[in-house]
Amino acid sequence: MFFRKCPFLLIFTLLATPLHAQDGEQLYGLYCAACHAPDGKGATGGAFPPLAGSEWVHGNPKRSVAIILKGIHGPIEVAGKSYNLAMPPQGDALGDDQIVAILNFVHKAWGNKGQDVPRDLVRVARAEFVSRTTPWTAPELLKILPLEKQPTALVNLTSRVYKGQWNQTPDFTKIQAENVEEEHSGILDTALAALKDDFGIVWEGDFMAPADGEYAFILDADDGAKLILNDQPIAEVKGLGPMDGSRVAKGKAALKAGANHVRIEYFQGKGNQGISLGWKIATATQWQWVSATTAKSTGGNPPIPLMPIDGKTVVYRNFIKGSTARGIGFGFPGEVNMVYSADNLAPELVWTGGFIDAGLHWTNRGQGFQSPMSEEVITLTKQRLLPPTARFKGYSLDAKGNPIFHVKINEQLLSDAFAPGPDGTLVRTLKLSGGTSALEIPLGDNPSVTTEKSVSLTPGKPVTITYKLR
Ligand code: HEC
């Protein structure tokens, strides 16, 4: 009939059919898939840029809103590949709700970990960019909406700590873990166990491959380690020995863009400890490190200023200047930073501004202590204030990556939580559980951040104090 002969009418009918705002996937199929492909990997075999694993759809959701509204053209880098094409603006064809629905789909599809798009964002962005009549170029857009640093390719990482004496990597599935933690920094670091000898760690999570293709991995450890990807063994450093480059293991794997399940097993005998894991697209030259230390034989030297990502607190577990050997650094959103000493069982250093440049420890392991990125670091205590019977029991992270330290004091358990407050403040919440006796917790002598000298805790009743750092 007439319909069949006139494709324009057909398209018109399709566009005029009101789609439910929540049909993000369906809208994507209609408005984006022709170029970005139904599987998000870029149409015509990747001639168009991918949305799966694209850094452009992570972090600030306003960037992808701006791209849909106004289009983008000219040279652009996406997931390690260069393109020089044009995407037409779609701001007039799509309603606010439709853009929200499409992006809420794209930001979460194919292993993407992008953010939810607030309902009002599209309206606000339309108003902001109303006078713009030409598509963006990538540099223009990045100037106002820069890409967020993704610290490493490891996401959804958890760590399990095991105790035991081994001379090769044991079957961890048969052993009970002592401690499970989320590792929001996406960085492998044996210091997390806060143990010297005879322990193991198993990390599990997703390796985010930026594109389909062959990947190379490099692994080194003191003592042993194994890398398993999508249930396939990729590389192994066997038995006891140093991490001096003489035992480096390499392996390759063909991966699909997006999340690939990764498992890293590690064990430490006695003496030095550490693990390094690097990856690259097989044809690339530079290794990218996902560990606090790098393998010796490679000579990589990436400077990495650590910072909170997506509003989450970042952790740094390596030697930090001004702290004890077991100092653990936290960079909170709002430029508030802290080092907690697992030796002194107390917050030791606090400062505002930049957190830490991890470059030094990324390069050569154990080369001195890394300084905080600030001239004005406040020392809260230099010594242990809790009774000598107190024991460090590790720490956990809440959903925002803020730490809660666990300390056993005789038969009672102290939980000591830290979170950023408004205007450069750090909020500390202490809680005692178990037993009936009250406990006095000294805070040290630091009148510049708080006038309280100690807090009195009764079991079950949390007490909150606020440190003013600015
Ligand atoms: C006509 C083809 C076409 C359509 C339709 C299209 N795009 Fe694009 N898109 C492109 C091209 C080409 C680029 C890269 C432009 C360049 O080279 O500067 C791009 C870039 C992008 C980027 C930034 C780079 C990346 O790959 O992450 C995003 C995000 C994006 N598009 C999202 C979308 C969404 C969402 C839709 C649907 C509402 C859509 N595009 C519809 C062709 C298209």
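Each ligand, and each atom within it, is numbered from 1 in the order the structure gives.
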Under 3.5 Å: N/O of [X] near N/O of ligand 1:
X: Ser54; value: yes
X: Pro75; value: no
X: Leu103; value: no

Throw together a table of side-chain donor-acceptor distances under 3.5 angstrom for residues 63-73, partners on residues two or more places apart or in other chains.
residue	atom	partner	partner atom	Å
Arg63	NE	Trp56	O	3.3
Arg63	NH1	Leu145	O	3.2
Arg63	NH1	Pro146	O	2.7
Arg63	NH1	Glu148	OE1	3.4
Arg63	NH2	His58	O	2.6
Arg63	NH2	Glu148	OE1	3.1
Ser64	OG	Pro61	O	3.4
Ser64	OG	His107	NE2	2.9
Lys70	NZ	Phe129	O	3.1
Lys70	NZ	Arg132	O	3.1

Does Arg247 use its side chain to pair, donor to acceptor, with the backbone of Ala221 at less than 3.5 Å? yes

Enumerate the atoms of ligand 1 whose separation from the nearest heavy atom of [X] is less than 4.0 angstrom.
X: Val57; answer: 29 (C)
X: His73; answer: 18 (O)
X: Pro50; answer: 25 (C), 26 (O), 27 (O)
X: Ala86; answer: 12 (C)
X: Tyr31; answer: 5 (C), 37 (C), 41 (C)

Could you tell me whether the side chain of Phe207 reaches within less than 4.5 Å of the side chain of Leu154, counting heavy atoms only? yes

Within a radius below 2.8 Å of atom 8 (Fe) of ligand 1, how many protein N, O or S atoms are present? 2

Could you check whether atom CG of Asp423 has more than 12 heavy atoms from other residues, nucleotides or ligands sitting under 6.0 Å from it? no

Of all the heavy atoms in Gly74, does at least one lie under 4.0 Å from an atom in ligand 1? yes

Going by atom types alone, do Glu182 and Thr158 pair a side-chain donor with an acceptor below 3.5 Å? no

Under a 3.5 Å cutoff, is there a donor and acceptor pairing between the side chains of Asp220 and Ser276? no

Which one holds for Gln90 and ligand 1: side chain close, backbone close, both close, or neither close, with close meaning a heavy atom under 4.0 Å? side chain

Is it the side chain, the backbone, both or neither of Leu85 that has a heavy atom closer than 4.0 Å to ligand 1? both

Hey, would you say the Tyr395 and Phe330 ring centroids sit under 6.0 Å apart? yes

Salt-bridge present (Asp416, Arg428; N to O < 4.0 Å): yes

Which residues pass the salt bridge (Lys or Arg N to Asp or Glu O under 4.0 Å) test with Asp120, sequence neighbours left out? Arg123

If you have a sec, work out which protein heavy atom is nearest atom 24 (C) of ligand 1 and how many Å separate them, to one decimal? Val78 CG2, 3.7 Å

Show the numbers, then the answer: is there a side chain to side chain contact (heavy atoms under 4.5 Å, CB included) between Ile281 and Tyr215? CA-CA 4 Å; Ile281 294 175; Tyr215 288 75; 3.7 Å; yes

Determine, step by step, whether Val315 and Ile328 satisfy the side chain to side chain contact (heavy atoms under 4.5 Å, CB included) criterion, reporting the C-alpha distance in whole Å, the side-chain angles of both residues, the deciding distance to 0.1 Å, and the verdict. CA-CA 7 Å; Val315 190; Ile328 310 163; 3.9 Å; yes

Please list every donor-acceptor pair under 3.5 Å in which a side-chain atom of residues 230-239 meets a protein atom from a residue at least two apart or in another chain.
residue	atom	partner	partner atom	Å
Asn230	OD1	His261	N	2.9
Asn230	ND2	Asn260	OD1	2.9

